[in-house]
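Computed from a predicted model, the values in this text were never measured in an experiment. Numbered from 1 within each chain, the chains take letters A, B, ... in sequence-line order.
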2 protein chains.
Amino acid sequence: MAADHRQHTVFKMKKEPRQARSRASVEAMLQACARILERRGYAGLSTNAVAEVAGVSIGSVYEYFPGKEAIVARLAESLLAETTDLLQGRLAMTDQRSELNVAMRHFLGALHALMHQHRRLLRVLVFQVPYLHQLPATRKLQQELQTVLQEGLKRTHEQYRVSVSPTTLYLMSTSAAGTLMHMVLMAPPSMGAEPVLDALSQRLTQWLVSMPAS
Amino acid sequence: MAADHRQHTVFKMKKEPRQARSRASVEAMLQACARILERRGYAGLSTNAVAEVAGVSIGSVYEYFPGKEAIVARLAESLLAETTDLLQGRLAMTDQRSELNVAMRHFLGALHALMHQHRRLLRVLVFQVPYLHQLPATRKLQQELQTVLQEGLKRTHEQYRVSVSPTTLYLMSTSAAGTLMHMVLMAPPSMGAEPVLDALSQRLTQWLVSMPAS
DNA sequence: AGTTTTTCCGAGTATATGCTCAGGTTAAGA
DNA sequence: TCTTAACCTGAGCATATACTCGGAAAAACT
């Protein structure tokens, strides 16, 4: 039976580990899951393999996770949460003294660095995990991207205070995300990241500047 | 045994059908494959299911395909080829009398329409098929996008003859592709396609116009 | 110490899926 | 018509994977 008809409870943990010992076990399972995903892909991931690589028994896996979907979901959630945190942290650093184009470049640079760091895992999550984009954390991250863009504008120098329509906001965030994704996951080695990030941030900034002020 | 260690011959057909009867069988298998992918996802796809839905025996499937990867690959190749043809066809229609922004809008509109038409299948192919982006047709399509952009520029009115760096070309194509992908596969219903396409083509055009002429 | 809760174990069962093969049927060629 | 090649069949074998369950060991609690 395919995994598609199951309830969405398969994405949640069965029970939270209470003692230090079990917390270490769960951590080992998650690390094992990441290792297997990077090396063998989602199709090569099985609960038995997770148990073996993590050095625990198969029974222990099912003690905490209802199935492999839940392990992957947990792993993805933590990565997505890390990214969301990064965005919020960067936003907190941005104030009225910041130059819009500089702030934009820093945002994109930090985001790119984080994605690049986890690129092997990210590739599998994005391209092979069927339920990734219906995870709450995914939607939260996408929303966060737009929020950060909007808030960042408000906080930078007054001369850039412009009114941004939802369409524009959407276009900017999807353009940026699409380019970052392509660079990290699909770009040929010949394409250096720095020039593209420079050009991208410059473009986004000029785009905003050219809009009617509010 | 995971499917990851196999040779890349799994992506090719075993033998070409010669008679009309067998060509119909293969066609039925491909249609069945598409149906199953749309309804059950890649994880729900099996050679047995393809045989059943197509109304042929499992033996016949293995007569023409070495495994399910080859069926999916064939299906994807035809969809990608259709897209590449569309781009080339549009390019042939573009001449020096065309306005750049109008031509750009038509390109994006046609591309979006095609993607939207196949969005259910496309979603599964993009997000669940591990080997999609290593298919020759995928690379060809990506290359075609950049070529069309570059050629389209050369063919439109002289005033737009500008020199476009590889970085810019890359940035424009990934931005456009990223936005189209997000719109077709992930956008909330509230986001209408037309305004976004209008804004996108306008943006790309203005971007080019603002560059130094060659 | 005694009791309860948490954690862990792993052989074993059920099931799904990939794929073969020996042989039958239909169409094309001579 | 006879021969050959193409095409089709589906029961069945091999394997892999999800998941259970009875019970043991360790930790926490009283």
Side-chain angles (χ1 to χ4, degrees), chain A residues 1-7 9-30 32-33 36-37 40-73 128 130-131, chain B residues 1-7 9-30 32-33 36-37 40-73 128 130-131:
Chain A
M1 193 53 49
D4 309 71
H5 294 157
R6 296 178 202 166
Q7 318 298 354
T9 51
V10 290
F11 300 141
K12 291 199 189 131
M13 286 186 75
K14 245 181 183 174
K15 97 181 152 186
E16 286 293 328
R18 297 175 183 281
Q19 303 177 359
R21 183 170 49 137
S22 54
R23 256 176 274 127
S25 291
V26 168
E27 192 52 41
M29 294 174 206
L30 291 173
C33 179
I36 296 168
L37 285 178
R40 317 263 183 232
Y42 187 73
L45 181 76
S46 71
T47 49
N48 292 300
V50 168
E52 188 179 4
V53 172
V56 301
S57 84
I58 179 65
S60 294
V61 173
Y62 282 94
E63 193 75 23
Y64 299 99
F65 298 99
K68 70 170 179 173
E69 296 86 356
I71 313 178
V72 175
Q128 300 182 29
Y131 41 89
Chain B
M1 190 56 50
D4 309 71
H5 295 156
R6 297 180 199 164
Q7 320 297 351
T9 51
V10 289
F11 300 140
K12 290 197 188 134
M13 286 186 75
K14 247 181 181 173
K15 98 180 155 188
E16 286 293 329
R18 297 175 184 281
Q19 302 176 358
R21 182 170 48 138
S22 56
R23 255 177 275 127
S25 290
V26 168
E27 192 53 41
M29 293 175 207
L30 291 172
C33 179
I36 295 167
L37 285 178
R40 317 263 182 233
Y42 187 73
L45 181 76
S46 72
T47 49
N48 292 301
V50 168
E52 188 180 5
V53 173
V56 301
S57 83
I58 179 64
S60 293
V61 173
Y62 282 93
E63 192 78 23
Y64 297 100
F65 298 100
K68 71 170 178 173
E69 296 85 358
I71 312 178
V72 175
Q128 302 182 27
Y131 42 88

Any non-hydrogen side-chain atom of K14(B) less than 4.5 Å from a side-chain atom of F65(B)?
no

Mapping Y64(B) and K68(A) to their closest nucleotides on DNA chain D, which lands nearer the 5' end?
Y64(B)

If you assign N48(B) and R18(B) each to the DNA chain D nucleotide with the nearest heavy atom, which residue ends up on the more 5' nucleotide?
R18(B)

Whole angstroms only, please: what is the [atom1]-[atom2] distance between [X] and [N]?
X	N	atom1	atom2	result
M29(A)	dC8(C)	CE	P	6 Å
M13(A)	dT6(C)	CE	P	15 Å
Y42(A)	dA18(D)	OH	C1'	12 Å
R21(B)	dT25(C)	CZ	C1'	7 Å
Y62(A)	dC19(D)	OH	C1'	5 Å
E69(B)	dT17(C)	CD	P	14 Å
E63(B)	dT9(D)	CD	P	11 Å
L45(A)	dA18(D)	CG	P	8 Å

Identify whether any heavy atom of S60(B) sits under 4.0 Å from a base atom; if not, whether one sits that close to sugar-phosphate; answer base, sugar-phosphate or nothing.
base

How is Q19(B) classified with respect to the nucleic acid when contacts are heavy atoms under 4.0 Å: base, sugar-phosphate, or nothing?
sugar-phosphate

[X] side chain N/O closer than 4.0 Å to the phosphate oxygens (OP1, OP2) of [N]?
X	N	answer
S57(A)	dC8(C)	no
S25(A)	dC8(C)	yes
S22(A)	dT6(C)	no

Would you be so kind as to tabulate the donor-acceptor pairs closer than 3.5 Å made by side chains of residues 57-64 of chain B, with sequence neighbours excluded?
unit_1, atom_1, unit_2, atom_2, d
S57(B), OG, G59(B), N, 3.4
S57(B), OG, S60(B), N, 3.4
Y62(B), OH, T47(B), OG1, 3.1
E63(B), OE2, K15(B), NZ, 3.0

The helix from dA1(C)-dT30(D) to dA30(C)-dT1(D): angle between its terminal axes, five pairs each, to 10°?
20°

Taking E69(A) for its side chain and V10(A) for its backbone only, find out whether a donor-acceptor pair lies under 3.5 Å.
no

Contact summary for V72(B) and C33(B), nearest pair of heavy atoms
CG2-SG, 4.0 Å

Nearest non-hydrogen partners of A70(B) and K12(B), listed with the distance:
CB-O, 3.8 Å

Which residue, G59(A) or P66(B), contacts DNA chain C at a nucleotide closer to its 5' end, judged by nearest heavy atom?
G59(A)

Rounded to the nearest 0.5 angstrom, the NZ-OH distance for K68(A) and Y42(A) is 4.5 Å

Got a sec, which residues hit side-chain contact (heavy atoms from CB on, under 4.5 Å) with Q19(A), two or more places apart in sequence or on another chain?
R21(A), S22(A)

